[in-house]
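Report on the following structure.
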Amino acid sequence: MKISTSIGATLAAATLACTFPAAAQTVKIGLISSYSGPGAAQGDQIDKGVKLYMKLNADKLPPGVKVELITRDDTGANGDVAKRVAQELIVRDKVQILTGVVWTPNMAAIAPLTAEAKVPFISANAAGAKVVGMSPYVARLSFTLCQSAYPLGQWASKKYKRAYTAVSDFAPGHEAEGCFIRGFKEGGGEVIGSVRIPLANPDFVPFMQRIKDAKPDALFAFNPAGKQATAMMKAYGDLGMDKANIKYLGTGDITTDEELQGMGDAALGVITVHHYSAAAERPANKAFVAAYKKEYGADLNPGFMVVGAWDAMDAIYTAIRVQGGKIDPDKTMEIIKQYKNANSPRGPVSVDPETRDVINPEYLREVRKVGGKLANVELETITNAIKDPLKEFEKKK
Amino acid sequence: MKHPVGYGADARLRWTEWLPWVVAVAVFFLLPEYLSLGARVLTYILFALSLDLVLGYAGIVTLGHAAFFGTGAYVAGILAAKLGVTDPVIQLLASAAAAALLGLATGAVILRTHGLAQLMLTLAVAAVCLEIANKATALTGGADGLSGVSVAAIFGQFKFDMYGRTAYLWCLLLVFTGWWLVRRVIYSPFGATLTGIRENSVRMHSIGAPVYQRLLTVYTLSAAMAGTAGALLTQTNQFVGLNVLGFEPSGEILVMLILGGVGRLYGAFVGPLLFLIAQDYLARQFPEYWYFGIGLILVLVVLFARGGILGISDAIIARMGRKS
C-alpha cells in the first residue's frame with residue numbers, strides 16, 4: 001500500500017510539473033457560486049459582477065497575461081458540495097486563485113482546503129465573521145454583518161426605546177443579532193424579544209404576528225439577501241406592521257437593490273445601514289451602475305453582491321498585475337492585505353492587513369421613491385472606514 | 001422481473017465479478033486527478049448497496065434512507081469535531097452502530113405497515129432526523145454545518161490527503177467489504193426468504209417464515225451499511241452539512257439505484273458510477289444549467305429502460321443469444 005501511495009504521489013507530481021510551465025501566462029481563477037437551488041438569484045449577482053469586471057478591465061492585466069475563469073455550482077448553502085467543488089477546481093483544474101461563494105457555511109467548508117493547498121480565496125460575499133480567520137489564505141472584500149448591524153444599533157438607540165430582533169438561524173444571523181443588540185443597549189435601548197427563524201423554507205407570518213403582538217417600537221431583521229428578505233417584507237406589510245408604528249430596520253441584506261422593486265410599498269421608509277446602494281450619487285458608482293445596465297438591461301440594478309464580486313476581482317487583478325502574471329500564493333496574500341481602492345462603487349474600500357478582512361464605509365439609508373421606483377437613498381455617511389467590530393470587541397477583552 | 005442471482009444459484013465467484021475491482025485499482029494509478037470523485041462514487045455505491053438490500057431484495061420501499069446515511073455522517077463528525085475521537089476505524093464502527101440502532105428502532109414501527117403508509121413513515125423519520133440536527137446546534141452546528149472535523153491517519157499510517165488517495169483506497173476497502181457481505185446475504189437462505197417476502201408475503205407467512213423479524217434484521221443491517229457510507233462521506237469531506245439528512249440524498253440514491261437496476265447486486269455499482277460521472281461532467285460543462293441534463297437522463301431511463309442500465313444490457317445479451 002505504501003508503494004502504491006508513493007507511485008500515486010509521483011504520478012500526481014508529474015502531472016503537476018507538466019502543466020505548470022504552460023499555465024505561467026494564463027492565470028486560472030475558480031469561481032464558486034450558487035447557480036441552482038434557492039440561492040440562485042444571489043449566485044447570479046456574483047457571476048454578473050465577476051464577468052462584468054473581466055469584460056471591462058482586460059487592459060488592467062500585464063501584456064501577454066490572460067485570465068481563464070472556471071465556474072462551478074455549489075447548489076446553495078451546501079458546505080460539502082462547495083468543498084468538493086473547490087477541491088476539484090484545485091486538484092483537477094489547477095486554479096491558482098478562488099473567489100465567489102454566497103454562503104458563509106460554504107466558505108467555512110472551503111477555508112481549511114485553501115490552507116492545505118495554498119490557494120488564495122478572495123470572498124465576494126459570505127459575511128460570517130469567523131471564516132476569514134480559518135485560513136491564512138482567505139481574504140474578504142465583501143462585508144461583515146457586524147459592520148452594519150452595530151452602527152445601526154447605536155443609531156436606533158437614539159430614536160427608539162424598545163426593539164425586537166428577528167434573524168435567520170445561522171452564524172451570520174447570530175452575529176447580526178448580537179451586534180445590533182450590543183449597539184442598541186449601549187445607547188440605552190431595551191430589547192424586548194429576539195427570535196431566530198429557520199434558514200430553510202421559512203414561513204414568516206407566524207413570527208411576524210408574534211412580534212406585532214409584542215408591540216416594539218422597532219424591528220431589527222436580517223435574512224440572507226434575496227427572496228427570503230422579500231417574503232419577510234411582504235409579511236411585514238400584510239400584517240399592517242408599518243401602520244402599527246413598528247419601524248423596520250436592518251442590514252442592507254433586507255432591501256437589496258435587485259429585490260427592492262418586488263417588495264412593494266411596504267418597503268417604503270425602511271431604514272438600513274450598509275456599505276452599498278445602487279442609488280448612491282458617487283461618480284464611481286454612477287459609472288458602475290451605467291455599465292451594469294448597459295450589459296444586463298436597463299431595468300436591473302446591481303446589488304451589493306455584484307459590488308463584492310467586482311471589488312474581489314479588482315483585488316485579484318491587482319495581485320496578478322503586481323506579480324506580472326506569475327501567481328505565488330504567499331505574495332498574492334501579501335498584496336491583497338495591502339489592497340486599497342478609494343474609488344470603489346461603494347466608496348473607499350480596503351483590506352485590514354492584520355485580519356485580512358474588509359474595511360468598509362457605512363451609510364444610513366432609507367427606502368424612498370426616486371423617479372417612481374423604490375431606492376435605497378443614502379441619508380448620511382456613518383463612517384468612511386469601519387473594521388469588523390466583532391474582532392475589535394474580542395481584542396478589548 | 002427476472003433475477004439471475006439468488007439462493008440456489010451457483011454462488012461461486014465468476015471471473016467477471018473481479019473485473020470491477022481490477023478497474024477500481026487501475027483507476028487509482030491511471031487517473032490520480034479523479035480520486036476525490038472516485039471516493040465519492042465509492043461512498044455512494046456503498047449507500048446504494050444498502051438501499052438495494054432493503055428495496056431490491058426485501059421490497060421495502062423507502063424515501064428516507066438518508067436518515068441512516070446522515071446519522072452516520074453526523075456521528076462520525078460529532079465524534080471528530082466535538083469529542084476528540086479522531087480514529088477513523090472507531091468513527092466508522094460508532095456510525096454503523098448508531099445508524100443500526102436507529103434502523104432497529106424506526107424499523108420496528110415502519111415495517112408493521114405496507115405500501116404508501118410505509119413510504120410516508122420513512123419520509124417522516126428522515127424529516128424528524130433533519131429537524132433534530134437543525135435544532136441541536138451545539139452538537140451539529142445547525143445550518144452552518146459542522147466544520148473542524150479532524151480524522152487521524154488510518155491505522156496510524158495513511159493520512160487523508162487533498163488529492164483523495166487515502167480516501168479512495170479506504171472507500172474501496174469498505175465497498176469491497178460491503179459487497180462481500182451483501183453477496184453472502186443474497187445467496188443465503190436468509191436472502192431467499194427476503195426475496196420470498198418481496199414476491200408474496202402472505203405465502204411466506206403461511207409457510208411459517210418469521211416475516212417481520214426477517215425484515216427488521218435486513219432493515220437494521222442496511223441501516224448500518226448506510227451509516228458507514230455516511231461516515232465515509234464525513235471522513236473524506238471533513239465537513240458535515242444539514243443536507244446529508246435532507247430529502248435530496250434519499251431521492252438521489254433511489255434514482256441512482258433505479259438507473260443501475262434495482263434488485264441486482266451490480267445495479268448498485270453501475271447506477272452511482274454513471275450518475276455521478278454524468279453529474280460531474282454536466283456540472284463542469286454547463287455550471288448554470290446542469291440540472292436540466294440530469295433530469296433529461298432520468299426521463300430517458302424511466303421511459304426506455306425500466307430495468308435500469310443492467311436491464312438494457314440483459315436485453316441485448318438475450319437478443320444476441322437468440323440470434324446465434
Side-chain angles (χ1 to χ4, degrees), chain A residues 1-2 4-5 7-15 31-33 35-37 40 43-44 47 70-73 75-85 87-88 90-94 103-106 108-113 116-117 128 131 134 168-174 198-200, chain B residues 25 28-37 39-40 73 130-131 134-135 137 141-150 154-155 157-166 168-169 173 233-234 236-244 246 248-249 280 282-284 286-292 294:
Chain A
M1 208 173 221
K2 254 193 175 159
S4 61
T5 320
I7 294 176
T10 327
L11 267 174
T15 25
L31 168 62
I32 301 169
S33 193
Y35 292 96
S36 58
D44 181 53
D47 187 74
I70 302 168
T71 52
R72 295 293 304 263
D73 179 13
T75 71
N78 296 331
D80 51 339
V81 180
K83 171 149 186 181
R84 176 167 55 79
V85 166
Q87 191 170 4
E88 286 168 8
I90 294 168
V91 173
R92 236 193 279 165
D93 298 315
K94 318 238 163 20
W103 303 92
T104 299
N106 294 7
I110 295 170
L113 203 64
E116 192 185 345
V131 279
M134 287 172 72
S168 290
D169 193 6
F170 74 136
H174 304 165
L199 184 62
Chain B
V25 173
F28 179 78
F29 292 106
L30 299 177
L31 298 168
E33 291 170 21
Y34 288 83
L35 290 185
S36 62
L37 176 67
R40 191 171 139 79
L130 175 66
E131 204 43 41
N134 187 24
K135 286 289 171 196
T137 41
D144 295 315
L146 187 63
S147 52
V149 174
S150 56
I154 301 167
F155 309 127
Q157 287 284 321
F158 307 98
K159 247 183 102 53
F160 283 91
D161 54 310
M162 194 178 67
Y163 297 94
R165 285 189 288 266
T166 307
Y168 183 83
L169 292 178
L173 181 72
L233 188 78
T234 300
T236 50
N237 266 343
Q238 305 189 354
F239 182 87
V240 193
L242 263 189
N243 58 323
V244 289
E248 248 184 77
D280 179 73
L282 290 168
R284 271 193 301 152
F286 315 102
E288 283 109 345
Y289 311 109
W290 60 280
Y291 262 119
F292 176 77
I294 296 284

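Residue numbers start from 1 in every chain, and the chains themselves are labelled A, B, ... in the order their sequence lines are given, proteins ahead of strands.
Put simply, the side chain of A/M134 reaches to within 4.5 Å of the side chain of B/S147, judged on heavy atoms.
Here the shortest heavy-atom pairing between B/F239 and A/G79 reads CE2-CA, 3.2 Å. Closest non-hydrogen pair, B/A143 versus A/F170, comes out as CB-CB, 4.0 Å. For A/D73 against B/W290, the heavy-atom pair with the smallest separation is OD2-NE1, 2.7 Å. Taking every heavy atom of both residues into account, B/Y163 and A/V91 meet most closely at CD2-CG1, 3.5 Å.
Here the CG atom belonging to A/N78 is positioned 9.5 Å from the CG atom belonging to B/L242, to the nearest 0.5 angstrom. Between the OG1 atom in B/T236 and the CD atom in A/Q87 there is a gap of 8.5 Å [rounded to 0.5 Å]. Rounding to the nearest 0.5 Å places CG of B/L233 at 6.0 Å from CG of A/D80. Atom CG in B/N134 sits 8.0 Å away from atom CG in A/L199 (nearest 0.5 Å).
Judged purely by atom type and a 3.5 angstrom limit, B/D144 uses its side chain to pair as donor or acceptor with the backbone of A/A171.
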#### Entry: salt bridge (charged side-chain N to carboxylate O under 4.0 Å, His left out) between B/R40 and A/E88, worked out
CA-CA 12 Å; B/R40 191 171 139 79; A/E88 286 168 8; over 6 Å; no

### Task
Decide salt bridge (charged side-chain N to carboxylate O under 4.0 Å, His left out) for B/D280 and A/R92; before the verdict, give the C-alpha distance in whole Å, the side-chain angles of both, and the deciding distance to 0.1 Å.
CA-CA 12 Å; B/D280 179 73; A/R92 236 193 279 165; 3.0 Å; yes

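Interface residue A/D93: only side-chain heavy atoms are found under 4.5 Å from chain B. Within the 4.5 angstrom heavy-atom criterion, no atom of A/S33 approaches chain B. Only the side chain of A/I90 comes within less than 4.5 Å of a heavy atom of chain B; its backbone N, CA, C and O stay farther away. Proximity to chain A involves both the backbone and the side chain of B/N237, based on heavy atoms less than 4.5 angstrom apart. Heavy-atom distances place both the backbone and the side chain of A/T71 under 4.5 Å from chain B. Heavy-atom distances place the side chain of B/V244, and not its backbone, under 4.5 Å from chain A. Looking at A/D47, the atoms closer than 4.5 Å to chain B (heavy atoms on both sides) all sit in the side chain, from C-beta outward. Proximity to chain B (any heavy atom under 4.5 Å) is shown, for A/A77, by neither the backbone nor the side chain.
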